[in-house]
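So the structure is just underneath, and the comments pick up after that.
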Amino acid sequence: MTHTLPPLPYATGALEPYIDQKTMEVHHGKHHRGYVHHLNKAIEGTTLANQPLEEILRIRNNGGGHYNHTLFWEILSPKSSSPGVELLSAIEQQWGTLETFQEQFTQAAITRFGSGWAWLCVGGSKELHICSTPNQDNPLMDTVPAEHWGVPILCLDVWEHAYYLQYQNRRSEYVTAFWNVVNWEEVACRFTKAMSL
Ligand code: MN
């Protein structure tokens, strides 16, 4: 099995002005492509070559980088959307309001030290929780604390390369802008799927 770079589900400039075209071109076309390339090189001729991506996340950096970015592109959209009844009520049950959830997710993204990701996950007892991970780790890996384990349904890349061209060191401005381009329909769809696992 050769892993391939999935095409973006929208034009590289579609998320302007919140995420600019140049950032998307470099982020998807160079960074994500690099993860796929190095992942394929690392597994070539090994028993992992025929394994699905979920099985090889233990090749942490490149496998994680590929999985994380693939999810990230899919949960972004230039089209405005809302979480829908089922996901919204689960969020309200956990955090009271959607706004409070967004504040706490934003906080997790801003306070992640160095490079990493913020996550909304469906955990082992089907509860929603927010966490963050360093580098290209994610909550499917056995490297995260047990209480952070879960199936990711929303994520945000807070590596500097995700925002530096447009926002320089102003990570919080990037995180605030992110909420304008979340594909809530896709997040809701992933929520439903994770709840039925
Ligand atoms: Mn990235």
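Atoms within a ligand are numbered from 1 in the order they appear, just like the ligands themselves. The chain is numbered in sequence order, starting from 1. All of these numbers come straight from a predicted model, not from anything done at the bench.
- For His27 and Trp73, the ring centers sit closer than 6.0 Å to each other.
- Contacts classified as salt bridge (Lys or Arg N to Asp or Glu O under 4.0 Å) and involving residues 182-194 (residues at least two apart or in different chains) are given here: Glu74-Arg190, Glu186-Arg190.
- In terms of heavy atoms, Leu140 sits closest to Gly150 at CD2-O, 3.6 Å.
- Closest approach of His129 and Trp149 over heavy atoms only: CE1-O, 3.0 Å.
- Applying side chain to side chain contact (heavy atoms under 4.5 Å, CB included) to His66 and the options Ile56, Leu39, Leu71, Thr4 leaves one that passes, Leu39.
- Here the shortest heavy-atom pairing between Cys131 and Pro139 reads SG-CG, 4.0 Å.
- Listed by chain and number, the protein atoms of type N/O/S under 2.8 Å from the Mn ion (ligand 1) are His27 NE2, His69 NE2, Asp157 OD2, His161 NE2; waters are omitted.
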